Structures are given as structure tokens and as C-alpha cells.
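The figures here come from the full heavy-atom set of this structure, side chains too, leaving out hydrogens, waters and symmetry mates. Computed from a predicted model, the values in this text were never measured in an experiment. Residue numbers begin at 1 in each chain, while the letters A, B, ... track the order of the sequences.
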Amino acid sequence: MVASQGKGQAQEIQATSIEILGACDPETYPLQKRGQDSKDKKTVTLPLEFLREKAHLRPRTNTFGAVLRIRHHMTFAIHKFFNDKGFFNLHSPIITGSDAEGAGEMFRVTTLDLNNLPKTPEGKINFEEDFFGKETNLTVSGQLEGELAALALSQVYTFGPTFRAENSNTPRHLAEFWMIEPEVAFNDINDNMNLAEDMLRYLVRYALEHCHDDVQFLNDTYDDKLVARLHSVIENPFARISYTQGVEILVEAMEKKKFEYKPEWGKDLQKEHENYLVEHFNGPVIVTGYPKDIKAFYMKLNDDGKTVRAMDILFPWIGEIIGGSQREDDYEKLLARINEMHIPQEAMWWYLETRKFGSCPHSGFGLGFERLLLFVTGMTNIRDVIPFPRFPKSAEF
RNA sequence: UCCUUCUUAGCUCAGCUGGUUAGAGCACAUGACUGUUAAUCAUGGGGUCCCUGGUUCGAGUCCAGGAGAGGGAGCCA
């Protein structure tokens with residue numbers, strides 16, 4: 001190690017011998033040392049679409065090094081946030097026997113011989129002969145288990161893999177993703193919103209403080225508004241509106257703006273509607289009080305009998321980053337909703353018993369971890385914020 | 001799943017109204033030069049034009065089907 005004569009560096013190593021531990025043939029190594037159009041940029045990059053096909057090598061790039069480090073720090077920050085608040089981490093099951101939430105298509109888990117399926121006398125598949133003696137799937141949500149834990153430990157959160165077999169081909173969906181689902185006893189919908197907003201703000205601040213160099217690198221390389229956007233989220237409170245107010249704003253906007261889908265009370269907000277609201281408030285928006293018919297059965301019914309205590313947090317470009325609600329804690333009302341929506345009551349027996357045997361108001365929400373990472377890294381495709389993305393027709397690596 | 005654009009060298013792309021040997025930049029190799037760091041200069045190697053079929057004397061180019069990718073939408077986190 002000697003003082004350097006060269007510009008832009010203080011020291012340099014003068015090697016007496018070099019040992020090659022693992023050779024790399026430059027003729028066939030797919031990652032070039034230089035990317036395209038490097039003249040106008042501070043840093044050089046290979047196309048992300050190309051790197052997606054080289055998921056075994058892309059962690060070696062500056063970009064994925066930054067993303068994976070940020071991913072780690074965000075994982076840690078989530079545990080720290082909840083631990084510091086006295087929450088307990090709950091390991092909800094990955095294999096589940098119920099499609100309770102109706103959150104989407106599920107992946108079947110089976111050990112049956114697919115080429116020789118056991119049949120019942122009626123000719124249907126006999127799942128009694130399957131490993132668990134019943135139909136089982138990969139989880140789409142740990143919420144229901146989180147709820148029963150919250151009714152015991154008061155404040156819990158899950159943070160685990162989640163699976164959706166939906167044929168979704170978008171830059172915002174994965175078949176396998178990670179979800180954070182806190183659940184808190186005695187929290188109402190407003191406490192729930194406060195917790196969610198505190199958490200998001202905490203996580204963004206944590207990223208700026210602990211991943212400064214990596215965030216700055218991504219800012220300089222891909223999105224020069226990234227750092228400014230992160231600061232904006234920390235500094236400004238989220239707008240909070242009711243679904244009804246949201247529809248009013250959208251209807252009003254129709255005077256000067258054309259929507260492909262007409263905003264109408266009772267219908268779900270379309271992506272273009274969400275985008276408009278986020279632009280309208282120039283930042284994250286929390287929408288509450290959705291019509292009961294477009295939301296899940298477990299959400300607490302408001303006194304008006306028409307809306308439920310649901311809340312969605314909408315982020316710029318990403319859309320829904322968090323979805324949550326106050327839960328229906330009244331046994332009779334919950335049972336009525338289950339029957340109304342034709343959910344098999346017998347599959348829900350244990351969930352119903354949590355209301356039957358000592359209930360209390362409680363609330364929670366789900367945060368899509370990769371969607372959080374989209375926001376924090378400024379990446380625009382969710383397949384670039386998870387090391388090994390799984391999506392329709394793709395489970396390589 | 002729907003709409004849309006695309007698929008040509010390792011990468012990014014050009015290739016006209018169909019025409020004979022498919023090009024460029026970068027990357028790579030060799031040589032020269034140089035306290036270099038986006039080096040530079042010279043030379044060179046490198047192609048299943050995504051796949052299948054069709055039209056045609058002739059298809060990278062036109063037609064049909066398929067596969068994959070990007071963007072948008074739906075489903076959602």
C-alpha cells in the first residue's frame with residue numbers, strides 16, 4: 001500500500017503476487033463492465049430487463065447490491081419498529097386449509113399422485129387420502145391467525161411469505177411476495193391509520209438514515225426525484241378522506257378530466273381514480289369507509305349499515321400499498337356477513353369462536369413489502385426488488 | 001386474462017417499396033502506446049435475423065399460428 005500518483009485516489013496497492021481464486025471468461029461472462037449510453041450518466045447500467053434473465057448474477061451489480069442491502073435494512077427496520085412498540089412477531093402458517101379471505105387464487109399443496117388421483121364413490125378427488133386429510137393451499141394472508149393472536153397478546157405482527165396464484169402480469173404483482181400484517185387489540189380504525197402512517201414514515205426515515213449511499217446511488221442512476229419524494233413523505237401528513245368524499249372529488253373532476261371508468265358510489269376505485277386522488281393531494285392518501293359490498297366479510301360495519309371501516313393507503317404510482325380495516329368483533333354480525341357472502345361457515349368455526357369466547361374491538365392492515373421497496377428504491381418493476389421473483393410462467397433460479 | 005408495442009452479434013439498436021456477401025456503437029481478443037482510472041489507436045473474431053408453417057423465382061422484411069419481453073388495464077399487497 002503506497003501513496004498514489006494518480007488523480008482521484010489517495011492510495012493504491014502494489015501487489016507482489018496475484019492469485020486467481022476463480023477465473024471468469026470475459027468472452028462468455030454476461031455482465032459487461034460498461035452499460036449503454038454511459039456518456040450522459042454519472043453511473044452506467046445494464047438494462048434491468050436483461051438482468052432479470054440473469055437473476056443468478058445480478059446481485060453482483062451495483063444496482064442490485066443497493067436494492068438487496070436496502071431490502072435487508074427495511075426488514076430489520078420493520079422488526080425494530082414493532083419490537084420497540086411492544087409488538088410480538090407471530091409466525092402464521094404458510095400451509096393453510098381455508099380460503100377464508102377470498103384474497104385470490106391459491107396454490108394447492110398436495111402429496112397426491114397427480115397421475116393417479118384417489119377418487120370418492122361419487123367420482124370426486126378424495127382429499128382424505130392427501131397428506132393433511134383435506135384440501136390445503138399456500139397462505140394468501142396471515143391476518144385471521146394474526147387476529148386470534150392479537151386477542152391474546154394484544155399487539156402482534158406477522159412478516160412472512162404470501163402466495164397468490166392470480167394470473168397477474170404487472171410491474172406491481174408477484175406470485176410470491178412478503179407481507180407485514182400487524183393486528184392490535186382495542187385499536188379502532190383511526191388508531192389503525194395512525195399506526196400505518198407512523199410505520200411508513202418511520203421506515204422511510206430509516207432508509208434515508210441507514211441506507212443513505214445506496215438510496216443516493218439509485219437516485220443518481222434511475223430516478224433523480226427519489227430522495228426528494230422520500231423526504232416529502234416524512235415531512236407531510238397523509239391526506240385522509242372517506243370513500244364518499246373521494247368519489248365526490250372524482251365526480252367533480254369529470255368536468256375537466258376524462259376517466260375511462262366513470263367514478264360512481266358503490267363501485268371500486270379504478271387505478272386512474274387512485275392516481276387522480278394521489279395527484280390531487282400531491283402525496284399519499286388514506287381512503288376509509290368503503291361500501292361493504294366491495295370489501296371483505298370481516299370488516300367492521302359502520303352505523304350507516306352501508307359502509308365498512310376499511311382503509312386503503314394509496315401511494316404515488318404504486319397505488320394501494322396498504323389495505324386494512326377495523327375487524328367485525330361482534331359474533332352475530334360476523335356470522336350474518338359470512339352467511340350473506342356464502343362463505344362456508346364450517347371452515348370458519350375457529351375464527352368465529354374468537355368472537356364467541358371473549359371479543360374486543362381490534363384492527364390491522366397488510367403492507368406489501370415489495371411495494372414498500374418500490375417506493376423506497378425508486379425501482380419501477382416489483383421483479384427488481386426481490387432476489388428471485390416468481391410470476392406467471394416463471395420460477396427460474 | 002384483455003389492449004398495445006416489441007423480438008436482428010454478448011449488450012443497445014439500424015436494416016427503405018421483398019433482391020444476391022445482414023451493418024453500426026459498445027463489449028471481447030491480439031498488437032502498439034500510455035500513471036491509467038469511460039484511456040487512445042490499429043487489426044480481428046463473433047449471427048438459428050425468437051419458433052413453426054405459408055405466399056414468392058427470391059423472406060430479416062409480407063401473411064397465419066405459437067412463444068417470450070416491455071408498457072397499460074383487471075385482480076390485489
Side-chain angles (χ1 to χ4, degrees), chain A residues 2-14 24-54 57 61 101-106 139-143 158-182 196 200 259-261 267-275 290 294-296 310-315 317-325 364-375 380-386 389 391-394 396:
Chain A
V2 298
S4 177
Q5 305 170 29
K7 278 173 275 183
Q9 60 190 20
Q11 291 172 320
E12 61 188 42
I13 293 170
Q14 291 188 339
C24 180
D25 178 13
E27 196 80 49
T28 51
Y29 184 51
L31 304 187
Q32 300 174 16
K33 70 179 180 184
R34 272 219 302 280
Q36 301 298 318
D37 298 315
S38 53
K39 286 175 185 170
D40 302 321
K41 293 188 177 181
K42 277 192 195 175
T43 48
V44 294
T45 55
L46 291 162
L48 294 169
E49 292 87 355
F50 170 71
L51 291 174
R52 228 166 272 155
E53 294 168 6
K54 314 282 178 201
L57 297 172
T61 63
E101 208 186 344
E105 293 296 309
M106 304 178 91
T139 181
V140 293
S141 167
Q143 179 200 315
T158 69
F159 187 175
T162 310
F163 307 89
R164 304 274 166 92
E166 292 289 339
N167 191 10
S168 294
N169 293 286
T170 86
R172 288 177 292 275
H173 291 84
L174 290 166
E176 175 183 288
F177 63 100
W178 290 67
M179 190 152 65
I180 297 102
E181 294 181 288
L200 287 171
F259 291 117
E260 195 180 329
Y261 297 89
K267 289 191 176 168
D268 215 345
L269 297 178
Q270 302 293 317
K271 190 86 204 315
E272 57 175 348
H273 301 150
E274 295 179 355
N275 288 345
Y290 284 82
I294 59 172
K295 287 293 183 185
M311 64 152 199
D312 286 354
I313 302 189
L314 310 178
F315 259 45
W317 187 80
I318 295 164
E320 190 182 334
I321 196 169
I322 279 180
S325 67
F365 59 83
L367 166 70
F369 185 52
E370 283 76 17
R371 289 194 178 169
L372 171 75
L373 287 174
L374 282 178
F375 185 74
T380 54
N381 193 314
I382 203 161
R383 298 169 187 178
D384 295 332
V385 295
I386 188 167
F391 50 93
K393 299 275 154 57
S394 179
E396 195 63 58

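Going from atom CD1 of A:Ile313 over to atom P of B:C76 covers 18 Å, rounded to whole Å. The interatomic distance linking A:Leu31 (CG) with B:C28 (C1') rounds to 14 Å, in whole Å. The separation between A:Arg164 atom CZ and B:C75 atom C1' is 10 Å, rounded to whole Å. Residue A:Leu314 contributes atom CG, which lies 12 Å from atom C1' of B:A77 at whole-angstrom precision. For the pair A:Leu46 CG and B:C13 P, the computed distance is 13 Å after rounding to whole Å. Whole-Å rounding puts the A:Leu48 CG to B:U12 P distance at 12 Å. We find that CE of A:Met106 is positioned 14 Å from C1' of B:C76, with the value rounded to whole Å. Here B:C76 presents its P atom at 8 Å from NZ of A:Lys295, a figure rounded to the nearest Å.
Shown here are the side-chain contact (heavy atoms from CB on, under 4.5 Å) partners of A:Glu53, two or more places apart in sequence or in another chain: there are none. Considering only residues two or more places apart in sequence or on other chains, A:Phe159 meets the ring-ring contact (aromatic ring centres under 6.0 Å, His included) condition with A:His79, A:Phe369. Taking the salt bridge (charged side-chain N to carboxylate O under 4.0 Å, His left out) definition, one finds that A:Lys267 meets it with A:Glu264, sequence neighbours left out. With sequence neighbours left out, A:Thr380 forms a side-chain hydrogen bond (donor to acceptor under 3.5 Å, both in side chains) with no residue at all. The side-chain contact (heavy atoms from CB on, under 4.5 Å) search around A:Tyr261 returns A:Gln270, A:Glu272, A:His273, not counting sequence neighbours. With sequence neighbours excluded, the residues satisfying ring-ring contact (aromatic ring centres under 6.0 Å, His included) with A:Phe375 are A:Phe315. With sequence neighbours left out, A:Phe163 forms a side-chain contact (heavy atoms from CB on, under 4.5 Å) with A:Ile94, A:Phe107, A:Leu138, A:Thr139, A:Pro161, A:Glu176.
With A:Glu181 contributing its side chain and A:Gly366 its backbone, the two residues share no donor-acceptor pair below 3.5 Å.
Across all strands shown, A:Leu372 has no heavy atoms under 4.0 Å from either base or sugar-phosphate atoms. At the heavy-atom level, A:Leu174 lies under 4.0 Å from base atoms of the strands shown. Counting any heavy atom pair closer than 4.0 Å across all strands shown, A:Phe177 reaches a base atom.
Screening A:Leu174, A:Val385, A:Ile321, A:Ile322 for a side chain to side chain contact (heavy atoms under 4.5 Å, CB included) involving A:Arg371 leaves a single residue, A:Ile321.
Rounded to the nearest Å, the gap between the C1' atom of B:G54 and that of B:A77 is 47 Å. For the P atom pair drawn from B:U48 and B:A9, the interatomic distance equals 8 Å after rounding to whole Å. Distance noted for atom P between B:G60 and B:U8: 15 Å (whole Å). Nucleotides B:U12 and B:C50, compared at atom P, are 14 Å apart to the nearest Å. Atom C1' of B:U20 sits at a distance of 16 Å from the matching atom of B:U56, rounded to the whole Å. The gap from the C1' atom of B:C57 to that of B:G18 amounts to 12 Å, rounded to the nearest Å. Taking atom C1' in both B:C6 and B:C49, the straight-line distance is 14 Å, to the nearest Å. For the P atoms, the distance from B:G23 to B:G44 is 14 Å, rounded to whole Å.
Along RNA chain B, the nucleotide nearest A:Glu320 and the nucleotide nearest A:Lys54 are compared for position; the residue whose nucleotide lies closer to the 5' end is A:Lys54. Comparing A:Pro30 and A:Leu269, the nucleotide of RNA chain B nearest to each residue sits closer to the 5' end for A:Pro30.
Closest non-hydrogen pair, A:Ser325 versus A:Ala310, comes out as CB-CA, 3.8 Å.
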Identify each atom pair where a protein N or O and an N or O of nucleotides 66-73 of chain B are less than 3.5 Å apart, giving names and distance.
unit_1, atom_1, unit_2, atom_2, d
B:G70, OP1, A:Arg52, NH1, 2.5
B:G70, OP2, A:Arg383, NH1, 3.4
B:A73, OP2, A:Arg172, NH2, 3.0
B:A73, N6, A:Asn169, O, 3.4

Read 5' to 3' with Watson-Crick or G-U pairs under 3.5 Å, [ ] for crossing pairs and | for partners on another strand, RNA chain B gives (((((((..((((.....[...)))).(((((.......))))).....(((((..]....))))))))))))....
